[in-house]
Amino acid sequence: MFDRLIWDKLNEECGVFGIYNHQEASQLTYLGLHALQHRGQESAGICASDGEKWYKHRGMGLVSEAFGKGDLEKFRGHIAIGHTRYTTAGSSKIENAQPLFFRYAQGSMAVAHNGNLVNAAVLRKELEAKGSIFQTTSDTEVIAHLIARSESRDLPGAVKDALQHIKGAYALLVMNENQLVIALDPNGLRPLSLGRLGDAITVASETCAFDIIGAQYWRDVQPGELIVIDKNGVSESKFTETTQRSICTFEYIYFARPDSDIDGINVHMARKRLGKQLALESAIEADVVTGVPDSSISAAIGFAEATGIPYEIGLIKNRYVGRTFIQPSQELRERAVYLKLSAVRKVVEGKRVVMIDDSIVRGTTSNRIVRMLREAGAKEVHVRISSPPVMNSCFYGIDTSTRDELIAATKSIEEIRQIIEADSLTFLSVEGMIEAIGRQDSAPNKGHCLACFTGEYPTEIEFEEALPALKC
């Protein structure tokens with residue numbers, strides 16, 4: 001995909017939204033998906049029910065592209081779930097768009113899932129051996145088959161049975177005509193929160209989705225928790241007692257919107273503290289601080305406040321670059337970053353610039369941005385990264401390259417500096433990152449998953465089965 005070739009960033013797999021007991025459930029879900037658009041831009045969908053009839057629509061592209069004029073006009077019902085998805089190369093097709101809808105012996109259900117199962121390939125083979133026929137390459141369908149094969153006569157029980165077999169990351173929404181079932185994996189790797197809108201209950205990957213519909217944040221879904229919402233109210237239980245919070249640290253660093261709160265910590269304020277900690281660890285004499293839009297702006301402001309170096313908007317993001325299907329030549333790739341970013345010459349010309357970014361994955365984008373700043377007249381470019389080096393692949397639903405493609409896995413910091421052509425380069429320490437984010441969790445690493453930095457995974461990983469072929 002062209003965008004991935006020119007924009008060397010990590011990508012979240014998807015976002016989920018659900019609501020129960022509201023007569024405009026579908027329309028509110030549509031708005032909620034707009035708020036979660038940053039979590040996935042390749043497909044979107046909504047399933048809704050009025051207690052008897054189902055209403056379903058899925059489409060490719062942004063939420064505004066997936067839903068055309070009139071697509072939601074006939075939707076009715078008090079219960080709905082929605083999904084917006086990012087996919088890896090080769091699996092961007094309508095069959096994998098969610099929510100997935102199934103008819104089975106106990107009735108009908110729709111499933112939406114954020115995350116990735118590390119044992120999906122093994123389960124898929126076992127299910128196929130028992131006669132299951134798969135229509136998608138999504139591991140979400142594995143969950144649905146496990147639910148359908150449960151001996152439980154009710155949906156919550158069947159979901160609970162299915163969860164005993166799966167491993168990995170999942171923020172899961174399952175609905176039938178009258179119930180909404182919510183579950184979060186035992187490590188809480190992905191964020192998931194509950195909100196209230198009058199008598200309605202809503203659930204979303206991020207709290208920013210509540211703001212757009214006027215809902216009030218209620219609480220976070222806890223690791224290993226199963227929540228059932230129906231006409232009897234809200235039922236809360238645990239599907240496992242073996243839990244240990246290990247939320248993806250990149251939710252704070254990069255993925256989540258700045259106006260979201262994760263476990264009570266505002267993302268913008270956490271990123272500012274990351275920038276301040278970065279300044280404590282790697283201050284340098286310079287004339288101006290700038291951040292790579294958008295996720296690094298907060299950290300850049302924090303770095304500037306801590307050092308006293310003026311913060312300026314030295315890089316401008318073009319917000320009107322849509323998806324492109326150009327087949328790029330190498331020369332075009334070299335220039336294509338200018339589609340997304342441009343330097344403000346009058347800000348950086350003749351200046352010693354500190355460029356703050358949240359991560360370096362393969363190094364290609366960092367190199368192009370450094371060159372861009374130099375072409376705009378920057379005298380020096382010092383790169384500061386508000387996270388530690390990404391040295392290991394993620395198997396929990398983030399599109400990282402294979403380990404061999406991660407520049408920090410094979411190159412020293414000095415070698416990376418030379419490759420990106422910066423005057424200096426410093427990454428934030430793991431200890432400094434944890435302290436700056438400010439989680440008060442009693443779990444190891446204060447409840448962070450640090451796998452991509454340290455190689456210590458919170459679950460067992462069978463590497464030959466955890467290749468990124470089966471995604472949410």
Side-chain angles (χ1 to χ4, degrees), residues 9-10 12 15-17 31-39 114 171 184 188-197 202-223 245-281 289 291-307 311 313 317 356-359 384-388 398 428-443 445-450:
K9 286 291 183 182
L10 301 171
E12 173 61 89
V16 295
F17 184 94
L31 293 176
L33 293 182
H34 267 286
L36 300 174
Q37 184 72 88
H38 58 289
R39 300 185 73 89
N114 174 23
L184 186 63
L189 285 154
R190 303 262 71 84
L192 194 62
S193 298
L194 296 169
R196 294 183 183 273
L197 179 62
T202 186
V203 57
S205 292
E206 293 184 35
T207 60
C208 64
F210 300 149
D211 298 332
I212 197 172
I213 66 169
Q216 298 297 313
Y217 166 79
W218 174 18
R219 69 174 181 86
D220 292 303
V221 180
Q222 296 303 305
R245 185 64 153 169
S246 301
I247 191 166
C248 173
T249 308
F250 264 104
E251 293 288 351
Y252 293 101
I253 296 169
Y254 174 61
F255 294 131
R257 260 179 40 169
D259 53 336
S260 288
D261 295 338
I262 299 176
D263 283 354
I265 297 174
N266 175 255
V267 172
H268 166 68
M269 298 305 297
R271 290 176 185 166
K272 278 190 69 175
R273 292 192 296 271
L274 288 170
K276 291 181 178 180
Q277 182 64 32
L278 187 58
L280 290 175
E281 296 183 11
V289 176
V292 178
D294 289 313
S295 57
S296 302
I297 299 300
S298 301
I301 293 171
F303 189 97
E305 288 182 358
T307 60
Y311 166 77
I313 300 176
K317 183 177 181 179
I356 308 295
D357 205 354
D358 49 68
S359 60
R384 296 292 181 268
I385 306 299
S386 60
S387 67
I398 295 173
L428 187 60
S429 67
V430 172
E431 297 76 16
M433 175 187 67
I434 293 173
E435 183 66 25
I437 290 173
R439 291 180 57 85
Q440 301 301 313
D441 204 302
S442 60
N445 301 318
K446 293 191 176 179
H448 288 274
C449 175
L450 304 174

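Along the sequence shown, residues carry numbers from 1.
Between the side chain of R245 and the main chain of G188, a donor-acceptor pair closer than 3.5 Å is present. Here the side chain of R271 pairs no donor or acceptor atom with the backbone of N266 at under 3.5 angstrom. Without hydrogens or angle criteria, E281 side chain to S429 main chain gives a donor-acceptor distance under 3.5 Å. E206 places a side-chain N or O within 3.5 Å of a backbone atom of R257 that can act as its donor or acceptor partner. Here the side chain of T207 pairs a donor or acceptor atom with the backbone of D261 at under 3.5 angstrom.
The two atoms that bring F210 and Y217 nearest to each other are CD1-CA, 4.1 Å, heavy atoms only. Taking all atoms of both residues into account, the shortest heavy-atom contact from A279 to T307 is CB-CG2, 3.5 Å. Residues C248 and F255 share a closest heavy-atom pair of SG-CE1, 4.2 Å. Nearest heavy atoms, K446 versus D441: O-CB, 3.3 Å. Between S205 and G15, the closest heavy-atom pair is OG-CA, 3.5 Å. Across all non-hydrogen atoms, the minimal contact from D220 to G264 is OD2-N, 4.1 Å.
The shortest distance between side-chain heavy atoms of K272 and E305 falls below 4.5 Å. Inter-residue side-chain proximity for H38 and D294 is flagged as unmet; no heavy-atom pair is nearer than 4.5 Å. In this structure the side chain of N114 never reaches within 4.5 angstrom of the side chain of L192, judged on heavy atoms. At a threshold of 4.5 Å between non-hydrogen side-chain atoms, the residues I437 and L274 count as touching. Taking 4.5 Å as the limit, some side-chain heavy atom of I297 sits within range of a side-chain heavy atom of Y311. Between V430 and I434 there is a side-chain heavy-atom pair separated by less than 4.5 Å.
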Next on the checklist: side-chain hydrogen bond (donor to acceptor under 3.5 Å, both in side chains) for D358 and S296? Distances and angles first, verdict last.
Outcome noted: CA-CA 6 Å; D358 49 68; S296 302; 3.1 Å; yes

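If you take CD on Q216 and CG on D211, they are separated by 8.5 Å, rounding to the nearest 0.5 Å. Atom CZ of R273 is separated from atom OH of Y252 by 9.5 Å, given to the nearest 0.5 angstrom. Taking CG of L31 as the reference point, atom CG of L36 lies at 11.0 Å (rounded to 0.5 Å). For the atom pair F250 CZ and S387 OG, the distance stands at 4.0 Å (nearest 0.5 Å). Atoms SG and CZ, on C449 and R190 in that order, are 8.5 Å from each other to the nearest 0.5 Å. Expressed to the nearest 0.5 Å, how far CG of L189 lies from CG of L184 amounts to 8.0 Å.
For L280, the CG atom counts as densely surrounded, since its 6.0 Å shell holds more than 12 non-hydrogen atoms of other residues, nucleotides or ligands.
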